[in-house]
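Working notes for the structure below.
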Amino acid sequence: MSLPIAPKTSPRRFHQASWDEPIVFELSTPGERGIAITPVEPAVRDAVGDIVADLPKHMRRPEPPALPEIAQMRVLKHYLRLSQENLGSDLNVDIGQGTCTIKYSPKINDQLIEVPQLRSIHPAQDPADTQGALEMIWRLERLMAEISGMDAVSLASPGGSAGIWTNIAMIRAYHESRGEGEQRDEVITTIFSHPSNAAAAKVAGYKIVTVYPDADGYPDLGALKAALSERTAAIMVTNPEDTGIYNPAIKEWVDAAHEVGALASYDQANAAGILGITRARDAGFDVCQFNLHKTFAAPHGSGGPGAAANAVSAALEPFLPGPRVQQVDGRFVVREPGELSIGHVAPAHGVILHVVRAYAWIMSLGAEGMLTASQIAVLNNNYLLKRVLEIPGASAPYATGRRRIEQVRYSWQELFEETGISSEEIGIRMADYGFHYWTSHHPYIVPQPFTLEPTECYSKAELDEYVAALAQVAREAREDPELVRTAPHNQTVHHTHHDDLDDPERWAITWRAYQRKHFGVVRADAVDALAGAAAS
Amino acid sequence: MIGLVVNPVAGVGGPAGLAGSDGADVQRLALARGAHFRAQERATIALRVLASRHPSLEIATAAGAMGEDAVRAAGLQARVVYASGARAVAPRTGGRPRTGEDPADAPVLGDPPVLGRADASEPGTSASDTSAAVAALAAAGASLILVAGGDGTLRDAAAGLADAAATTPENLPDSSPPRHSDADSGEDLRSSGQQPAVLGIPSGVKMYSPVFAVSPRVAGALAAEWIDGTLPTAEREVLDVDEEGMRHARVHPVLYGMLRVPFRVGRTQSRKAATPVSEAAAVAAAARGVVKRMLPGIRYLLGPGSTTAEVARQLGIRKSPLGVDVILDGRQLLAAASEEQLLAEVAQGPAQAVVTVIGGQGFLLGRGNQQLSASVIRVLGDDPLMVVAPEQKLIDLHGRPLIVETGDADLDARLAGHIRIVTGVGTASLYAVAAPDLAP
Amino acid sequence: MKDAVTEAFVHPYIPNTAPAVKQAMLDAVGAESVEDFYADVPEDLRLRRPLNVPAPLPAEQDLARHVKGILAANRSTEERLSFLGAGTYNHYVPAVVDEVIRRSEFLTAYAGEPYEDHGRFQALFEYQSLMAELLAMDVVNVPTYDGYQAAATGLAMAGRLTGRRRVLALSDVLPEKLSKVIDYVRANLDIEHIATTGGVADVDALAAALDDGVAAVWVETPSFTGAVETQLSEIADAAHAAGAVVVVGTDPVGYGVLTPPALQGADIVTGDIQSLGLHQWFGGAHAGFIAVHDDPRFVMELPSRLFGLESTTVPGEYGFGDVAYERTSFAQREEGKEWVGTAAALWGIAAGVYLSLMGPEGMREHGELLLARTRYAQHRLASIPGIRLGDDALHLREFTICLDGISAGDAVSALRREGIEPGVVVDESTLLVCVTDTTSATDIDRLADALAAVATSKEESK
């Protein structure tokens with residue numbers, strides 16, 4: 001009716017963008033073009049004739065691909081509408097994606113890389129023309145060496161799990177070089193470690209032994225010692241673990257591994273709370289990897305690209321993947337990896353976009369800034385812990401009464417027993433208030449889990465806002481469980497079925513498969529799915 | 001169709017300070033102390049949650065206090081398929097205990113007339129109302145049977161199902177979503193040859209069996225999802241403990257059978273990491289790990305449990321989940337061997353016991369394991385046990401150690417510490433083993 | 001050590017350095033200082049000194065100046081005439097592609113549900129679908145790291161499917177790619193090379209080498225040298241007869257006009273999408289695809305996420321979810337399905353936008369342009385005395401030339417002095433030359449003239 005306006009509610013009355021946008025193929029109109037292609041020049045045509053007609057018949061595509069035909073503006077509109085239907089960290093208080101370390105991704109870093117001098121250079125160009133890129137790599141390697149305390153660094157791995165693979169591949173090569181490759185066929189990891197540690201070790205040919213924490217959630221040194229033997233190639237651990245618990249006996253763990261001749265590999269995905277506090281080298285680790293898109297604030301890109309920094313002790317340096325950048329007489333040169341190297345793990349030098357972003361983040365903060373970032377991330381996390389535990393039905397299993405580092409794995413078990421509403425259902429309802437929420441890796445060790453990681457990037461007011469929404473949803477679970485169970489209500493779409501997703505007869509991974517299975521529309525170039533399949 | 005059976009005396013002993021509710025004396029004592037029949041209340045709570053999602057649902061059940069009352073109290077339709085004759089009303093003081101009997105107990109009264117098939121052919125079990133009611137529900141075509149009670153009640157339920165159809169080791173847990181259009185259309189499961197699933201509504205005092213929902217409300221929520229046709233099931237152990245022993249602070253659970261129990265899979269897609277393994281696949285993978293490790297010339301004593309049953313199945317051997325079989329070079333030498341037979345076998349050459357984790361309490365070897373006794377284990381040497389289990393069994397221990405209690409304190413002390421558990425061909429877990437005098 | 005938090009150190013990226021707020025938070029949790037939180041870190045593991053890194057540049061303009069200063073030393077391919085390929089290609093990137101992936105809604109999204117992150121699910125489902133049309137296969141994964149990983153995983157899948165160890169590699173493989181693939185698969189697979197003939201697969205040698213121990217027959221087309229495999233159907237027939245899986249590593253850029261491998265018997269088609277709308281980025285922007293037919297046995301071996309279409313409670317709404325998330329019912333082997341990690345989703349979105357803009361006509365014209373310019377360049381260079389083509393095969397986009405009178409390295413040095421990158425040195429006398437939509441006929445002429453000059457001058461100096 002008239003001013004003043006009533007105060008805003010808490011939580012806010014969020015509604016996600018919702019365009020009800022068709023699938024891009026449905027926008028197709030025959031004859032429309034999204035972009036024109038530079039034509040074949042007359043000189044070329046004169047010289048080569050009709051190049052397509054000259055192809056052997058079987059090499060000429062029999063039918064054009066059924067790509068959509070859409071004019072340019074409509075393509076742009078389609079994708080921009082889809083872009084609105086996301087909840088990235090630039091838009092929400094993204095503390096619900098525990099272990100992902102969703103920091104503020106500084107816009108200046110995105111702008112600094114969008115220059116032809118980075119975007120439009122080729123790795124095989126004259127090194128004299130790419131000194132800037134090579135210098136960036138060299139500088140970030142030095143910085144990561146100092147941050148980790150290790151002797152040598154590679155920025156070649158294109159993701160966190162890719163970095164874990166690089167760790168175990170180097171460890172394998174190390175033992176083989178010493179004639180112990182066959183003997184050492186086991187890797188030890190913990191139940192709270194990221195599944196990629198065990199998975200990568202399996203690909204490398206290792207048997208996996210998983211050790212469990214003690215009753216209070218702390219890694220159990222006795223269990224580790226019982227697992228170690230002369231068959232152990234490495235221990236692969238994370239510290240702090242996804243529960244936010246720091247292992248005070250981490251040095252003893254590393255020593256125990258070394259005593260049997262095994263190496264110690266450190267998954268530093270959870271480094272955001274300990275930069276400048278404690279380093280891999282000081283605990284005696286042999287190899288480690290950091291995630292540039294986590295701790296070092298590179299953006300997550302809807303699921304990639306990512307990048308890792310692998311840091312190793314001097315003994316492992318010969319095994320680093322190539323190519324290597326060295327500084328010789330003030331110039332930066334590229335050397336192919338040596339005899340002992342595991343070779344190339346990815347194209348060229350790695351994800352240079354994230355290398356520059358990470359470099360810029362470190363240079364903006366410096367030593368004091370990185371230390372402060374860690375300290376505030378930890379302060380934020382412990383503040384959040386206190387506030388979340390005020391919500392009836394929420395608990396933080398393990399390490400009762402002790403502080404956590406940068407994240408906590410909580411449990412809604414009490415609320416679940418009381419109401420029958422699960423953690424996943426609560427997470428889906430949180431989205432109706434404009435927040436994300438992540439439960440846990442599988443397997444769920446903490447029952448009805450949710451993992452929150454506030455980082456240093458969100459203000460106290462934002463943390464309070466998140467907690468208010470959590471408390472609201474917990475209240476709804478008690479007072480109006482149907483509302484929570486049937487969520488979401490304010491999203492781009494409503495509750496999605498999932499039965500078809502597990503049924504081979506019905507699942508639709510692509511539009512053409514969907515049309516074939518559910519409308520009987522078969523493409524002219526369809527091949528019988530089972531013909532030619534060679535698997536027995 | 002959903003079925004419900006309530007054990008009206010379940011939970012009697014607990015709040016009154018007595019362990020369990022078996023035994024007429026205990027029931028009398030409990031009532032004298034003012035005990036309250038919880039099972040009815042808890043069943044009603046579960047059904048109310050179910051009713052909020054499926055308001056006009058019809059539930060197949062047993063008459064009166066054995067389920068009909070709870071169904072009506074929740075505002076749903078009751079379809080009575082079983083009445084226990086003279087026992088159709090709330091339990092009286094005195095009279096025969098309703099739960100399955102310990103062989104040492106003599107019945108006070110003769111067996112009451114019941115509908116459904118009575119089975120007195122198996123020594124040690126008598127046809128209780130719970131068993132008969134469950135059998136009747138299975139025969140009526142219930143696809144999921146809710147059972148309100150404790151371990152003893154669920155043990156009777158398992159017995160009732162065993163009556164309704166033979167349980168064979170080949171009936172492996174099927175973890176794909178059941179095709180549930182039959183839930184409402186009335187089509188029953190007899191034609192598919194599949195046993196109904198069972199879910200315990202926790203109302204007893206002893207609930208060692210991992211067949212219970214974590215609370216009555218959750219049981220109701222699971223039942224509602226069952227009707228929506230979206231829940232997979234897994235085989236779970238039915239355990240019971242000797243109450244006499246428990247009352248004197250000694251617990252050793254015994255495996256009585258297996259039930260197919262529904263569980264809930266996550267609804268969300270926020271997966272950054274690798275795919276989880278379904279329970280059935282995890283059991284199969286763990287079993288493959290054992291098969292891969294088996295050496296020629298070694299006798300393997302395969303203990304009770306579903307995972308060891310799977311090992312046998314992969315070897316082409318039919319094994320009951322309750323007994324101990326002797327395997328040599330992939331052949332079954334002995335099935336359901338007695339302690340004497342095992343001692344004779346292990347005297348003939350190197351041997352190892354293959355055991356799995358029993359139930360949510362984490363027993364590896366307990367006094368309930370008559371055959372794999374301390375005498376047998378002692379003879380097996382320095383590395384007597386190969387333990388096999390899917391990872392989830394260890395996770396479900398929530399940090400409690402595994403337990404060995406053979407009756408020989410020295411042997412227990414030797415086995416305590418940490419032990420490797422085979423979880424797959426290339427994977428093992430290391431877990432703490434304890435040998436307490438008293439159970440946790 | 002001084003506690004930085006209690007000093008007035010405020011940084012724009014760290015809101016709770018505002019002194020009053022951080023004190024309130026410390027008070028709320030009952031902590032004296034943040035030191036309390038590190039109680040579990042043993043003293044002898046504490047770094048009690050500042051990290052030895054350069055002085056920071058918290059002022060944004062100082063940071064920008066510093067970074068720009070370093071990058072200014074680079075000279076892009078806009079300033080050089082580049083014929084460099086070998087896995088990273090200088091194709092034109094439409095403005096709309098950059099516009100879309102620059103959106104921070106896509107750039108900063110990550111792992112939300114298909115409710116609040118519906119947009120990225122739809123964008124990636126569309127990417128999968130567009131690639132499916134190009135490749136003529138019904139199943140395409142959410143992107144993995146790059147084409148190297150995709151090939152390695154494709155071969156690993158073949159190993160798991162067949163339970164066998166041998167892999168017959170029939171094509172010339174980019175050395176860096178081969179290095180990655182070998183290290184990745186060697187615990188389970190042994191890669192054997194069958195030497196190419198005329199730049200392409202030796203089908204007779206393949207027949208002799210096949211037996212029931214072969215898990216996969218691996219073909220790269222275009223190969224490292226840009227040669228297109230024209231005998232894929234014969235290869236596939238032989239492989240299938242022996243129970244082996246046909247794994248192809250390819251570049252999708254030509255399939256607007258060329259026959260896709262799936263129509264010639266390929267079972268697992270892998271490759272990289274850098275050519276579909278990604279800049280060169282110093283070789284740091286890649287994304288890998290793995291495509292299979294809609295056969296559950298193959299689908300269940302994929303370690304990637306697969307986004308599928310689903311209905312919702314409201315008719316007409318498009319919902320999304322993970323297909324076959326518990327990929328276990330069909331588990332054939334205990335070895336496990338590798339892993340899924342943060343890989344390359346944004347590049348998948350870019351490629352989807354690219355293919356939407358190009359449409360069938362654009363891809364056909366593009367393919368024709370590449371074939372024509374490749375042939376033209378081959379023709380121009382081969383007609384230079386002292387230069388001959390590496391082989392007679394059909395080439396797409398790249399080809400090798402062999403230099404008689406001058407070493408490849410010297411040729412490169414000479415042409416660099418003129419602002420031309422003539423190609424990647426393969427060995428002493430061989431150069432890998434790449435032409436794309438960004439190298440015009442005039443550019444190719446300039447390359448030919450420059451090469452002719454150095455070949456001639458060397459001739460004369462003999």
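In what follows, chains are A, B, ... by sequence order, proteins preceding strands, each numbered from 1. These numbers come from the heavy atoms of this one structure, side chains and all, not from hydrogens, waters or symmetry mates. Computed from a prediction, not measured in an experiment: that's the story for all the values here.
For chain A, the nearby part of C:Val228 is the side chain; its heavy atoms alone come within less than 4.5 Å. Contact of A:Ile102 with chain C is made through the side chain alone, with heavy-atom distances under 4.5 Å. For A:Tyr246, the parts lying near chain C are the backbone and the side chain together; criterion is any non-hydrogen pair under 4.5 Å. For A:Val44, the parts lying near chain C are the backbone and the side chain together; criterion is any non-hydrogen pair under 4.5 Å. For chain A, the nearby parts of C:Val257 are the backbone and the side chain; heavy atoms of each come within less than 4.5 Å. Using a 4.5 Å cut-off between heavy atoms, C:Ala236 does not touch chain A at all. Contacts between A:His293 and chain C at a heavy-atom distance below 4.5 Å involve the side chain alone, from C-beta outward. Within the 4.5 angstrom heavy-atom criterion, atoms from both the backbone and the side chain of A:Ile35 approach chain C. Residue A:Asp20 touches chain C through its side chain alone, counting heavy-atom pairs closer than 4.5 Å. Contact of C:Ala55 with chain A is made through the backbone alone, with heavy-atom distances under 4.5 Å. Only the side chain of A:Glu41 comes within contact range of chain C, judged by heavy atoms closer than 4.5 Å. At a 4.5 Å heavy-atom cutoff, the contact between A:Arg402 and chain C is made by side-chain atoms alone. In this structure, chain C has a heavy atom under 4.5 Å from the side chain of A:Ile51, while its backbone stays farther away. Both the backbone and the side chain of A:Ala66 come within contact range of chain C, each with at least one heavy atom under 4.5 Å from a heavy atom of that chain. Only the side chain of A:Lys386 has a heavy atom closer than 4.5 Å to any heavy atom of chain C. Neither the backbone nor the side chain of A:Val355 has a heavy atom closer than 4.5 Å to any heavy atom of chain C. C:Leu394 touches chain A through its side chain: at least one heavy atom from C-beta onward sits under 4.5 Å away, while N, CA, C and O do not. For C:Ala372, the parts lying near chain A are the backbone and the side chain together; criterion is any non-hydrogen pair under 4.5 Å. At a 4.5 Å heavy-atom cutoff, the contact between C:Met358 and chain A is made by backbone and side-chain atoms alike. In this structure, no portion of C:Ser233 lies under 4.5 Å from any heavy atom of chain A. Contacts between A:Val351 and chain C at a heavy-atom distance below 4.5 Å involve backbone atoms as well as side-chain atoms. With a 4.5 angstrom heavy-atom cutoff, C:Arg375 touches chain A via backbone and side-chain atoms both. Only the side chain of A:Gln16 comes within contact range of chain C, with heavy atoms under 4.5 Å apart. Looking at C:Arg103, the atoms closer than 4.5 Å to chain A (heavy atoms on both sides) all sit in the side chain, from C-beta outward.
Taking all atoms of both residues into account, the shortest heavy-atom contact from C:Asp183 to A:Ala169 is OD2-CB, 3.6 Å. Annotation for C:Tyr376 and A:Ala43: closest pair CE1-O, 4.0 Å, computed over non-hydrogen atoms. A pairwise comparison of heavy atoms in A:Arg61 and C:Ala136 identifies NH2-CB, 4.3 Å as the closest pair. When every heavy atom of A:Ala367 is checked against every heavy atom of C:Leu51, the shortest pair comes out as CB-O, 3.3 Å. C:Val96 and A:Leu76 make their closest contact through CG1-CD1, 4.0 Å (heavy atoms, listed as atom of the first residue, atom of the second, distance). Of all the heavy atoms in C:Lys180 and A:Val345, the pair that sits closest is CD-O, 3.3 Å.
A donor atom on one side chain and an acceptor atom on the other are not found under 3.5 Å apart for C:Ser129 and A:Tyr514. With hydrogens and angles left out, the side-chain atoms of A:Asn380 and C:Asn16 include a donor and acceptor closer than 3.5 Å. Between the side chains of A:Glu368 and C:His11, not a single donor N or O lies within less than 3.5 Å of an accepting N or O. For the residue pair A:His494 / C:Thr312, no side-chain donor-acceptor distance below 3.5 Å is found, with atom types taken as modelled.
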**OP:** Could you check C:Tyr318 against A:Glu21 for side-chain contact (heavy atoms from CB on, under 4.5 Å), going step by step and ending with a plain yes or no?
**Re:** CA-CA 9 Å; C:Tyr318 289 130; A:Glu21 185 70 6; over 6 Å; no

**OP:** Please test C:Glu361 against A:Ile37 for side-chain contact (heavy atoms from CB on, under 4.5 Å), starting from the C-alpha separation and ending with a verdict.
**Re:** CA-CA 9 Å; C:Glu361 275 307 295; A:Ile37 308 300; over 6 Å; no

**OP:** Any chance you could lay out the ring pair (Phe, Tyr, Trp, His ring centres under 6.0 Å) test for A:His436 and C:Tyr115, step after step, and finish with the verdict?
**Re:** CA-CA 10 Å; A:His436 279 309; C:Tyr115 297 117; over 10 Å; no

Subject >> side chain to side chain donor-acceptor pair (under 3.5 Å) evaluation trace for A:His497 with C:Ser311 >> reply: CA-CA 6 Å; A:His497 303 132; C:Ser311 57; 2.8 Å; yes

**OP:** Begin from the C-alpha positions of A:Val493 and C:Val314 and carry the test side-chain contact (heavy atoms from CB on, under 4.5 Å) through to its verdict.
**Re:** CA-CA 8 Å; A:Val493 294; C:Val314 173; over 6 Å; no

Original post:
What do the steps show when you test C:Ser356 against A:Tyr79 for side chain to side chain donor-acceptor pair (under 3.5 Å), and what is the final call?
Top reply: CA-CA 10 Å; C:Ser356 301; A:Tyr79 281 100; 3.2 Å; yes

**OP:** Evaluate the salt bridge (charged side-chain N to carboxylate O under 4.0 Å, His left out) criterion for residues A:Arg45 and C:Glu368: first the C-alpha distance (whole Å), next the side-chain angles of each, then the deciding distance (0.1 Å), finally the verdict.
**Re:** CA-CA 11 Å; A:Arg45 228 180 253 299; C:Glu368 183 183 351; 3.4 Å; yes

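Remark: aromatic rings of A:His122 and C:Phe282 are distant, center separation not under 6.0 Å. Aromatic ring centres of C:Phe106 and A:His300: separated by at least 6.0 Å.
Distance alone, capped at 3.5 Å, is enough to place a donor-acceptor pair between the A:Gln125 side chain and the C:Arg75 backbone. For the pair A:Thr510 (side chain) and C:Asp138 (backbone), a donor-acceptor distance under 3.5 Å is present. Looking only at distances, no side-chain donor or acceptor of C:Asp437 sits under 3.5 Å from a matching main-chain atom of A:Thr38. Distance alone, capped at 3.5 Å, places no donor-acceptor pair between the A:Asp90 side chain and the C:Ser104 backbone.
Contact check for A:Pro195 versus C:Trp339: no side-chain heavy atoms found under the 4.5 Å cut-off. Using a 4.5 Å heavy-atom cutoff, the side chains of A:Leu55 and C:Leu371 are in contact.
For the options C:Leu63, C:Val21, C:Val100, heavy-atom pairs under 4.5 Å to chain A are most numerous at C:Leu63. With chain C as the partner, the residue from A:Arg33, A:Glu32, A:Met136 showing the most heavy-atom pairs under 4.5 Å is A:Arg33.
A salt bridge links C:Glu133 and A:Arg523; the closest N-O separation between the charged side-chain nitrogens and carboxylate oxygens is under 4.0 Å. Remark: C:Glu338 does not engage A:Lys202 in a salt bridge, criterion side-chain N to carboxylate O under 4.0 Å.
Among residues two or more places apart in sequence or in another chain, the ring pair (Phe, Tyr, Trp, His ring centres under 6.0 Å) test is passed with C:Phe307 by C:Phe121.
When C:His118, C:Gln122, C:Arg120, C:Glu116 are each tested for a side-chain contact (heavy atoms from CB on, under 4.5 Å) with A:Asn86, only one passes: C:Arg120.
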